[in-house]
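What you see is a predicted model; the values in this text were computed from it and never measured. All residue numbers refer to positions in the sequence shown, counting from 1.
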Amino acid sequence: MSHRLHSILLGTTIRIHRSIPPHLISRAWFCSGRFRNQTHMESHASCEAVVGDSELLVKKMAAICNAGPAKLQVIADFDGTLTKYRVNGCRGQSSHGLLQQENPEYDKKRQELYEHYHPLEFSPTIPIEEKTKLMEEWWTKTHGLLVEGGLTYDGIRQSVANSTIAFREGVVELFEFLEERDIPILIFSAGLADIIEEVLRQKIHRLFKNVKIVSNRMVFDNNGHLVSFQGKTIHSLNKNEHALDMAAPLHDRLGDNIDAPTYENASVKTRRNVLLLGDHIGDLGMSDGLNYENRISVGFLILVLTYISSNFFNSK
């Protein structure tokens, strides 16, 4: 396990970012594409990791490997983390963005909401409390348009089939590696659970018994029409472990009869070693409900590097 975990996490060049103060520790950023930001971090065609404290990272990896698979869990964001940020030179689609409603007027309305709220999501001048309220407002309006526009489950299937959404290289292999060792994966997304499941079905063509999804789940009537959403809205800035109560084993939703152990909420919470994968500052909250012993947070840097990286490095 040690060699494989090492290759998954650190199979790329590691550059110690010298401008990071010594007290900002153990944040690993895995970079994709080419960029140069104001702190002069660079990435080339191959992936590169920037680590604040390489010695602490190695110690954490050793502790996780020594504790074994029974103490490890993986918590991962979906859009832009498990999926590609760019596909064929264009911005990759998200679980919200790929959706095409039968009435195109509602697609237009959702796009207008995106153009209004998305810049606010990444604004460095808006206080977090105010920004959280804006995100709640955005998600609520978007979900309302999906219901009002008469979205159907058949429409979801067709939208996924027509989409360009794609998983990052190595995601399927990582899932298989973790499934073989009974290591649970919690996909924690501010997107749409039903679409994420359909993407897994159509793009990977198989299920994983160790995968649970915490996301916004739809409620359909007997005719397959969307009528409401279950539970509390999950948006980009309110991810936290108490929403685990919304999770359901993926194979239950998809109707597969897999005679194998699943991972109840209580057992997941006893796994004190966490590998956390995300691309947004809000993703750090995905493990807030866990009393973890070791956590390695891996961020996928794409845009807004100075703002996001400074927050991620300064986080606990």
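- Take Asn162 and apply the side-chain hydrogen bond (donor to acceptor under 3.5 Å, both in side chains) test, not counting sequence neighbours, and it matches Gln158.
- Residues that satisfy the salt bridge (charged side-chain N to carboxylate O under 4.0 Å, His left out) test with Glu102, not counting sequence neighbours, are absent from this structure.
- With hydrogens and angles ignored, the 3.5 Å screen pairs no side-chain donor or acceptor of Thr152 with any backbone N or O of Gly224.
- Side-chain contact between Tyr292 and Asn273: absent, with no pair of heavy atoms (C-beta onward) separated by less than 4.5 Å.
- For Arg157, the salt bridge (charged side-chain N to carboxylate O under 4.0 Å, His left out) partners two or more places apart in sequence, or in a different chain, are Asp154.
- Proximity of Glu197 to Arg201: side-chain heavy atoms (C-beta onward) are nowhere separated by under 4.5 Å.
- Counting only heavy atoms from C-beta outward, the side chains of Pro69 and Asp182 never approach each other to under 4.5 Å.
- For the side-chain contact (heavy atoms from CB on, under 4.5 Å) test, no residue two or more places apart in sequence or in another chain qualifies with Lys59.
- Under the salt bridge (charged side-chain N to carboxylate O under 4.0 Å, His left out) criterion, Lys133 pairs with no residue, sequence neighbours left out.
- Taking SG of Cys65 as the start and CG of Leu72 as the end, the distance is 8.5 Å to the nearest 0.5 Å.
- Applying the side-chain hydrogen bond (donor to acceptor under 3.5 Å, both in side chains) criterion to Ser236, with sequence neighbours excluded, gives Glu121.
- Contact check for His225 versus Phe220: no side-chain heavy atoms found under the 4.5 Å cut-off.
- Ring pair His96/Trp139 is perpendicular by interplanar angle, where above 60° counts as perpendicular and below 30° as parallel.
- The shortest side-chain heavy-atom distance between Leu174 and Leu178 falls under the 4.5 Å cut-off.
- Grouping the Ile, Leu, Val, Met, Phe, Trp and Tyr side chains by contacts below 4.5 angstrom, directly or via other members, places Leu192 apart from Val219.
- Every pair passing ring-ring contact (aromatic ring centres under 6.0 Å, His included) that includes a residue from residues 60-79 is listed here, sequence neighbours excluded: Phe78-Phe167.
- Interatomic distance, NZ of Lys131 versus OG of Ser123, reported as 5.5 Å (0.5 Å rounding).
- The shortest non-hydrogen separation linking Ser189 to Ser215 is O-OG, 3.1 Å.
- Considering all non-hydrogen atoms of both residues, Leu277 and Met286 come closest at O-CE, 3.4 Å.
- Using modelled atom types, one side-chain atom of Asn66 and one backbone atom of Ala62 make a donor-acceptor pair closer than 3.5 Å.
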Run the side-chain contact (heavy atoms from CB on, under 4.5 Å) test on Ile234 and Asn238 for me, step by step, so that the C-alpha distance in whole Å, both residues' side-chain angles and the decisive distance to 0.1 Å come before the verdict. CA-CA 6 Å; Ile234 300 177; Asn238 74 343; 3.9 Å; yes
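- Using a 4.5 Å cut-off on side-chain heavy atoms (C-beta onward), Phe300 and Asp283 make no contact.
- The nearest pair of heavy atoms linking Ser297 to Arg295 is OG-NE, 3.3 Å.
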In sequence, state the C-alpha distance, the side-chain angles, and the governing distance for Val58 and Glu55, and then conclude on side-chain contact (heavy atoms from CB on, under 4.5 Å). CA-CA 5 Å; Val58 170; Glu55 292 184 3; 5.8 Å; no
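- Taking Glu169 as the reference, Lys84 meet the salt bridge (charged side-chain N to carboxylate O under 4.0 Å, His left out) condition, with sequence neighbours excluded.
- For the 3.5 Å distance criterion, the side chains of Thr83 and Arg168 fail to qualify, holding no donor opposite an acceptor.
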Show your reasoning for whether side-chain contact (heavy atoms from CB on, under 4.5 Å) applies to Val298 and Ile296. CA-CA 6 Å; Val298 182; Ile296 297 176; 4.2 Å; yes
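- Applying the ring-ring contact (aromatic ring centres under 6.0 Å, His included) criterion to Tyr106, with sequence neighbours excluded, gives no partner residue.
- Among residues at least two apart or in separate chains, salt bridge (charged side-chain N to carboxylate O under 4.0 Å, His left out) pairs with a member in residues 63-83 are Asp77-Lys239.
- The distance from the OH atom of Tyr117 to the OG1 atom of Thr142 is 8.5 Å, given to the nearest 0.5 Å.
- With a 6.0 Å radius and a threshold of 12 heavy atoms from other residues, nucleotides or ligands, Asn88 has its CG atom at or below the threshold.
- No donor-acceptor distance shorter than 3.5 angstrom exists from the side chain of Arg181 to the backbone of Gly68, with no hydrogens or angles considered.
- Within the 4.5 Å cutoff, the side chain of Arg110 has heavy atoms near those of the Leu146 side chain.
- Cation-pi check for Arg217 over Phe229 is not met; the charged atom does not lie both under 6.0 angstrom from the ring centroid and within 45 degrees of its normal.
- Of all non-hydrogen atoms in Glu198 and Val160, the two that sit nearest each other are CG-CG2, 3.8 Å.
- The heavy-atom pair separating Ser159 from Leu98 by the smallest distance is CB-O, 3.7 Å.
- The only option from Ile185, Asn210, Val74 that meets the side-chain contact (heavy atoms from CB on, under 4.5 Å) definition with Phe175 turns out to be Ile185.
- Heavy atoms of other residues, nucleotides or ligands lying less than 6.0 angstrom from CD of Glu176 number more than 12.
- Asp194 places a side-chain N or O within 3.5 Å of a backbone atom of Met218 that can act as its donor or acceptor partner.
- For the pair Asn294 and Ala63, the tightest heavy-atom approach, listed with the atom from each and the gap, is ND2-CB, 3.8 Å.
- With respect to Glu179 and Arg206, a salt bridge is recorded, a charged nitrogen being found less than 4.0 Å from a carboxylate O.
- With sequence neighbours excluded, no residue forms a side-chain hydrogen bond (donor to acceptor under 3.5 Å, both in side chains) with Ser228.
- Leu151 CG to Asn103 CG: the interatomic distance, rounded to the nearest 0.5 Å, is 11.5 Å.
- To the nearest 0.5 Å, atoms CD1 (Ile75) and CD1 (Ile187) are separated by 12.0 Å.
- Between the NE2 atom in His116 and the NZ atom in Lys141 there is a gap of 6.5 Å [rounded to 0.5 Å].
- For the pair His143 and Leu226, the minimum side-chain heavy-atom distance is 4.5 Å or more.
- Listed by chain and residue number, Tyr114, Phe122 satisfy the ring-ring contact (aromatic ring centres under 6.0 Å, His included) test with His118 (two or more places apart in sequence, or in another chain).
- The hydrophobic cluster containing Tyr153 does not contain Val227, counting ILVMFWY residues as joined when their side-chain heavy atoms lie under 4.5 angstrom apart, directly or transitively.
- Side-chain heavy atoms closer than 4.5 Å link hydrophobic residues (I, L, V, M, F, W, Y) into clusters, and following such links, even through other members, never connects Val87 to Ile204.
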Go through the steps to decide whether Glu136 and Lys232 satisfy the test salt bridge (Lys or Arg N to Asp or Glu O under 4.0 Å), and finish with yes or no. CA-CA 10 Å; Glu136 181 76 26; Lys232 180 181 178 180; over 6 Å; no
